[in-house]
Amino acid sequence: KAGVTQTPRYLIKTRGQQVTLSCSPISGHRSVSWYQQTPGQGLQFLFEYFSETQRNKGNFPGRFSGRQFSNSRSEMNVSTLELGDSALYLCASRDTPYTEAFFGQGTRLTVV
Amino acid sequence: AQTVTQSQPEMSVQEAETVTLSCTYDTSESDYYLFWYKQPPSRQMILVIRQEAYKQQNATENRFSVNFQKAAKSFSLKISDSQLGDAAMYFCAYRSVAAGDAGGTSYGKLTFGQGTILTVHP
């Protein structure tokens, strides 16, 4: 079974631009959650989707948004990028919100 | 809100020796899950071990075991017979027992500690 796939692996964007990151969960998994990892703030929860509905959202500004498609793939979008958005963005999938989360290898976003 | 604290930014151990990583947490909930995740240089988070709060017995997975002290809100990870491949960042994480649908529950959200970098010396 293929694992969680995040694309792209690396991304460099300019301040003010927007970016879209993609996450393909493990086949059969319907729950996808996103986390931001930075050296200063550590791992912080962004949001979780289950069956195409956002179920929970972390404490991030509205520039951070996401969605989930009918095939459970998820995208997150960050608009008007700031230097502080530079981070590793991790996606995790699970078959239900109650079971173990499996993580992807992340997307390293650098904002210059 | 729940918080997770790892007070050891860095730890080191000799190969084949035993090391213990500390984690404390704060919660008002009575039922929850606790996890240890490993993040090697590849950056992928790998689940090492999980503990359900309602279980008094400490979880064990091969060389990895936990010391779960619910009253003290402590959840330490012991790695026995350390191997070079154990070198990584280790994160302690908390998750509520999801109470059904959305609307105020923390659902599947994981709350992580700050991490401990483990170095294994040959």
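Chain identifiers are assigned alphabetically (A, B, ...) following the order of the sequence lines, protein sequences preceding nucleic acid strands; residue numbering begins at 1 within each chain.
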Give the cluster check for B:F35 versus B:M45: same hydrophobic cluster or not, with ILVMFWY residues linked at side-chain heavy-atom distances below 4.5 Å. yes
Just checking B:N62: does its CG atom have more than 12 heavy atoms from other residues, nucleotides or ligands closer to it than 6.0 angstrom? no
If you count heavy-atom pairs within less than 4.5 Å of chain B, which of A:G104, A:G106, A:A92, A:G58 leads? A:G104
Interchain contact, A:Q6 with chain B, by part (heavy-atom threshold 4.5 Å): neither
Just verifying a value: how many Å separate A:L43 CG and B:M89 CE, rounded to the nearest 0.5 Å? 8.5 Å
Is the count of non-hydrogen atoms from other residues, nucleotides or ligands lying under 6.0 Å from B:K73 atom NZ greater than 12? yes
Distance (rounded to the nearest 0.5 Å) between B:Q39 CD and A:Q105 CD: 10.5 Å
How about B:R43 and A:R9: do any of their side-chain heavy atoms sit closer than 4.5 Å? yes
Enclosure of B:R63 CZ (heavy-atom neighbours >12, cutoff 6.0 Å): yes
Output the distance between atom OG1 (B:T111) and atom CD (A:Q44), rounded to the nearest 0.5 Å. 10.5 Å
To the nearest 0.5 Å, what is the distance between CD1 (B:I46) and CZ (A:F103)? 11.5 Å
Going only through I, L, V, M, F, W and Y residues with side-chain contacts under 4.5 Å, is there a path from B:V19 to B:V66? yes
With chain B, which of A:A101, A:S33, A:G42 has the greatest number of heavy-atom pairs at distances under 4.5 Å? A:A101
Where on B:F91 is there a heavy atom nearer than 4.5 Å to chain A: the side chain, the backbone, both, or neither? side chain
Of the non-hydrogen atoms in B:K109 and A:E48, which two are nearest, and what is the gap between them? N-OE1, 3.6 Å
Could you give all pairs that pass the disulfide (SG to SG under 2.5 Å) test and reach residues 31-82 of chain A, with sequence neighbours left out? none
Is A:Y35 in contact with chain B via its backbone, its side chain, both, or neither, using a 4.5 Å heavy-atom distance? side chain
